Student: 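The structure's right below; bear with me while I get my questions together.
Keep in mind that this is a model prediction, so the values were computed, not measured. Reminder, nothing fancy here: chain letters follow the sequence lines and each chain counts from 1. Side-chain atoms are counted along with the backbone in the values below, which use heavy atoms only and exclude waters and symmetry mates.
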Amino acid sequence: MDGFTPYSSAAGGALIGAAAALLWYGAGRIMGVSGIVGGLATARGSDIGWRLCFLAGLLAAPLLLWAVAGIDRPPSLQTSPMLLITAGLLVGYGTRLGSGCTSGHGVCGLARLSPRSLIATVLFMASGAAVVFVARHLLGA
Amino acid sequence: MPMMIVALLSGLLFGSGLVVSGMIDPTKVLAFLDVAGNWDPSLAFVMAAAIPVAMIGFRASRRCRQPVCGGSFSAPTKTAPDGSLALGAVLFGAGWGLVGYCPGPALAALSYGDPATWLFVAAMAAGMAARGLPMPGRATRSRA
């Protein structure tokens with residue numbers, strides 16, 4: 001087991017939880033990234049502004065941490081373009097069809113004790129693990 | 001305007017959490033999903049910490065008639081699972097397992113300027129748009 005980081009992962013998780021609590025308590029919105037982005041397509045008026053502001057913060061954070069704390073980027077992805085496109089399409093379509101992703105279902109939904117989110121979270125975790133199992137241990141990719 | 005400031009701060013906190021926790025590193029995500037291999041359970045600590053902290057916010061809001069910045073609380077009202085939820089979650093999980101990006105980290109990582117990330121996010125946007133195309137018999141869906 002390489003690179004086990006329980007403390008930094010838990011600290012980062014606490015920040016993610018605080019972000020969800022803030023957006024709900026302050027603005028009454030669920031911090032679901034696929035919903036925030038996907039909703040841009042149909043949002044009107046003031047509903048657009050907060051979505052763009054959230055995304056601006058999300059994009060600025062890695063650069064701020066690099067500038068302030070010197071936290072560098074992870075290694076570049078070594079993945080074929082075909083695989084990136086396939087995965088991106090699945091993630092985009094799947095999160096909209098399933099009404100959420102790791103943040104909306106996995107963090108906010110579970111924190112709200114939503115049965116739908118529990119089922120979604122179990123299914124996407126199992127599906128992700130199954131794909132990694134097939135790719136790494138059956139196909140040896 | 002205050003709502004936009006709250007959203008900006010939430011985005012900053014969320015993005016920082018993704019960086020600090022390691023969620024923004026696809027190799028770490030794949031190591032977490034590789035339960036039969038050289039398993040790295042670190043990312044279980046992300047959820048284990050995020051959920052109780054988020055729960056405090058959701059619980060505290062029960063005493064409030066409206067959010068601090070005004071307006072109204074807007075949460076999905078559905079509770080029963082259905083076929084779309086299950087199929088969507090399985091498809092999303094498959095894409096997540098192929099590359100190691102879910103939507104939040106992929107968007108945050110755009111800042112690093114890796115063309116591979118941009119390609120993934122472009123495909124993700126196309127996938128979202130494909131779902132948004134009108135289909136017979138589909139009602140408007142709440143966000144989760």
Student: With chain A as the partner, which of B:G37, B:C69, B:A36, B:A108 has the greatest number of non-hydrogen pairs under 4.5 Å?
Tutor: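 Top count of heavy-atom pairs under 4.5 Å with chain A: B:A108.
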Student: Check whether any side-chain heavy atom of A:L84 lies under 4.5 Å from a side-chain heavy atom of B:T117, and answer yes or no.
Tutor: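 No, side chains not in contact.
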Student: Are B:L13 and B:L9 grouped together when hydrophobic residues (ILVMFWY) are joined by side-chain heavy atoms under 4.5 angstrom apart?
Tutor: yes
Student: Heavy atoms only: give me the nearest A:A120-B:L85 pair and the separation to one decimal.
Tutor: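 So the two residues come closest at CB-CD1, 4.1 Å.
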Student: Tell me, out of B:G15, B:C102, B:G95, who's got the most heavy-atom pairs with chain A below 4.5 Å.
Tutor: B:G95
Student: Using modelled atom types and a 3.5 Å cut-off, is there a donor and acceptor pairing between side-chain atoms of B:S111 and backbone atoms of A:L59?
Tutor: yes
Student: Given a strict heavy-atom distance threshold of 4.5 Å, which part of A:T42 is in contact with chain B: side chain, backbone, both, or neither?
Tutor: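 No part of A:T42 comes within 4.5 Å of chain B.
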Student: Counting distance only, does the side-chain N/O of A:S8 pair as donor-acceptor with the main-chain N or O of B:S21 below 3.5 Å?
Tutor: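 Judged by distance alone, no pair lies under 3.5 Å.
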Student: As an exercise: rank B:G57, B:S16, B:G100 by heavy-atom pairs under 4.5 Å with chain A and give me the winner.
Tutor: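 Sorted descending by pairs with chain A, the first entry is B:S16.
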Student: Any sub-3.5 Å donor-acceptor pair from A:S9's side-chain atoms to B:L43's backbone N or O?
Tutor: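 Absent.
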Student: Taking it one step at a time, do A:L90 and B:M124 satisfy side chain to side chain contact (heavy atoms under 4.5 Å, CB included)?
Tutor: CA-CA 7 Å; A:L90 283 168; B:M124 183 174 87; over 6 Å; no
Student: Transitively linked via ILVMFWY side-chain contacts under 4.5 Å: A:V131 with B:L33?
Tutor: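 Linked within one cluster.
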Student: I'd like to verify something: which residue of A:A69, A:G26, A:A130 has the highest number of heavy-atom pairs under 4.5 Å with chain B?
Tutor: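 The answer is A:G26.
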Student: Where do B:M3 and A:A27 come nearest, in terms of heavy atoms and distance?
Tutor: CG-CB, 3.7 Å
Student: Heavy-atom distance under 4.5 Å between the side chains of A:T121 and B:M47, does that happen here?
Tutor: yes
Student: Please round to the nearest 0.5 Å and tell me the distance separating atom OG of A:S103 and atom CZ of B:F14.
Tutor: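 It is 4.5 Å, given to the nearest 0.5 Å.
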Student: Find the one option among B:P105, B:G22, B:A94 whose heavy-atom pairs under 4.5 Å with chain A are most numerous.
Tutor: B:A94
Student: So which part of A:T5 gets closer than 4.5 Å to some heavy atom of chain B, the side chain, the backbone, both or neither?
Tutor: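 For A:T5, the contact with chain B is made by backbone and side chain together.
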Student: Is any side-chain heavy atom of A:V91 closer than 4.5 Å to a side-chain heavy atom of B:F120?
Tutor: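 Yes, close enough: below the 4.5 Å cut-off.
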Student: To the nearest 0.5 Å, tell me how far B:W96 CH2 sits from A:M125 CE.
Tutor: 4.5 Å
Student: Do A:I71 and A:L63 belong together in a cluster built from hydrophobic side chains that touch within less than 4.5 Å?
Tutor: no
Student: Is the ring centre of B:F45 less than 6.0 Å from the ring centre of A:F4?
Tutor: yes
Student: Determine the option with the most heavy-atom pairs under 4.5 angstrom with chain B, choosing from A:A126, A:G94, A:C53.
Tutor: A:C53
Student: Could you check if a side-chain atom of B:S74 sits within less than 4.5 angstrom of a side-chain atom of A:I30, using non-hydrogen atoms only?
Tutor: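 No. Closest side-chain heavy atoms not under 4.5 Å.
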Student: Counting heavy-atom pairs under 4.5 Å with chain A, which one of B:A122, B:A60, B:P52 comes out on top?
Tutor: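 Result: the option with the highest number of such pairs is B:A60.
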Student: Identify the heavy atoms of B:L12 and A:A60 that sit nearest to each other, and give their distance.
Tutor: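 Result for this residue pair: CD2-CB, 4.1 Å.
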Student: Highest number of heavy-atom pairs under 4.5 Å with chain B: which of A:A11, A:S114, A:G49?
Tutor: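 Of the candidates given, the most pairs with chain B belong to A:G49.
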Student: Below 4.5 Å, heavy-atom pairs only: which of B:A109, B:P115, B:G97, B:A50 has the largest tally toward chain A?
Tutor: B:A50
Student: Can you check whether B:M55 reaches A:R112 side chain to side chain, under 4.5 Å on heavy atoms?
Tutor: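 Contact flag for B:M55/A:R112 side chains = no.
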Student: Is any side-chain heavy atom of B:D25 closer than 4.5 Å to one of A:R73?
Tutor: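 No, their side chains stay 4.5 Å or more apart.
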Student: Let me know if A:L83 has heavy atoms under 4.5 Å from chain B in its side chain, its backbone, both or neither.
Tutor: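 Contact with chain B is through both the backbone and side chain of A:L83.
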Student: How long is the gap from CG on B:L119 to CD1 on A:I85, to the nearest 0.5 Å?
Tutor: 4.5 Å
Student: Could you tell me whether the side chain of B:D114 and the main chain of A:L77 form a donor-acceptor pair under 3.5 Å?
Tutor: yes
Student: Between atom CG of B:L8 and atom CZ of A:F54, what is the distance when rounded to the nearest 0.5 Å?
Tutor: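 Result: 10.0 Å between the selected atoms.
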Student: Picking from B:V29, B:L30, B:V35, what satisfies side chain to side chain contact (heavy atoms under 4.5 Å, CB included) with A:V132?
Tutor: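 When B:V29, B:L30, B:V35 are each tested with A:V132, the side chain to side chain contact (heavy atoms under 4.5 Å, CB included) holds only for B:L30.
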Student: Atom OG in A:S99, atom NZ in B:K78: separation rounded to 0.5 Å?
Tutor: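 These two atoms lie 6.0 Å from each other.
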Student: Under a 4.5 Å heavy-atom cutoff, which of A:T95, A:I119, A:T79 has the most pairs with chain B?
Tutor: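 Top count of heavy-atom pairs under 4.5 Å with chain B: A:T95.
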Student: Is chain A contacted by the side chain of B:L87, its backbone, both, or neither, given a heavy-atom distance below 4.5 Å?
Tutor: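 Contact with chain A is through both the backbone and side chain of B:L87.
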Student: So which residue, A:G38, A:A87, A:P81, ends up with the most heavy-atom pairs under 4.5 Å with chain B?
Tutor: A:A87
Student: Should A:R116 and B:D82 count as an ion pair when the cut-off is N to O under 4.0 Å?
Tutor: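 Here A:R116 pairs with B:D82 in a salt bridge, since their nearest N and O are under 4.0 Å apart.
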Student: Which region of A:Y25, side chain (C-beta onward) or backbone (N, CA, C, O), has a non-hydrogen atom less than 4.5 Å from a non-hydrogen atom of chain B, or is it both or neither?
Tutor: both
Student: Looking only at atom types and distance, does a side-chain atom of B:K28 sit under 3.5 Å from a main-chain N or O of A:P74, one as donor and one as acceptor?
Tutor: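 Not at all, since once roles are kept as given, no pair shorter than 3.5 Å links the two residues.
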Student: For A:L52, which atoms come within 4.5 Å of any heavy atom of chain B: side chain, backbone, both, or neither?
Tutor: neither
Student: At a 4.5 Å cut-off on heavy atoms, which part of A:L118 comes close to chain B: side chain, backbone, both, or neither?
Tutor: neither
Student: Measuring heavy-atom distances to chain A, does B:Y101 have an atom under 4.5 Å in its side chain, in its backbone, in both, or in neither?
Tutor: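 Backbone plus side chain of B:Y101, per the 4.5 Å heavy-atom cut-off to chain A.
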Student: Can you confirm whether B:F92 sits close enough to A:R96 that some side-chain heavy atom of one is under 4.5 Å from a side-chain heavy atom of the other?
Tutor: no
Student: Assess the residue pair A:L58 and B:L18 against the criterion (side chain to side chain contact (heavy atoms under 4.5 Å, CB included)); give the C-alpha distance rounded to whole Å, side-chain angles, the decisive distance to 0.1 Å, and a yes or no.
Tutor: CA-CA 9 Å; A:L58 176 58; B:L18 294 174; 3.8 Å; yes
Student: Checking heavy atoms, do the side chain of A:A56, its backbone, both or neither come under 4.5 Å from chain B?
Tutor: both
Student: So A:W24 and B:F58, would you call those rings parallel, tilted or perpendicular, with 30° and 60° as cut-offs?
Tutor: tilted
Student: Side-chain heavy atoms under 4.5 angstrom apart, residues restricted to Ile, Leu, Val, Met, Phe, Trp, Tyr: same cluster for A:L97 and A:V33?
Tutor: yes
Student: Could you check whether any side-chain heavy atom of B:P103 comes within less than 4.5 Å of a side-chain heavy atom of A:V37, counting everything from C-beta outward?
Tutor: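 Side-chain contact under 4.5 Å: no.
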Student: At their closest point, which heavy atom of B:G93 faces which heavy atom of A:S127, and how far apart are they?
Tutor: C-OG, 3.4 Å
Student: Minimum heavy-atom separation for B:A54 and A:V107, please, with both atom names.
Tutor: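 So the two residues come closest at CB-CG1, 4.1 Å.
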Student: State plainly whether one hydrophobic cluster holds both A:L23 and B:I56, where clusters connect Ile, Leu, Val, Met, Phe, Trp and Tyr through side-chain heavy atoms under 4.5 angstrom apart.
Tutor: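 In one cluster with A:L23: B:I56, no.
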Student: If I compare all heavy atoms of A:L89 with all of B:A123, which pair ends up nearest, and what's the gap?
Tutor: CD2-O, 3.5 Å
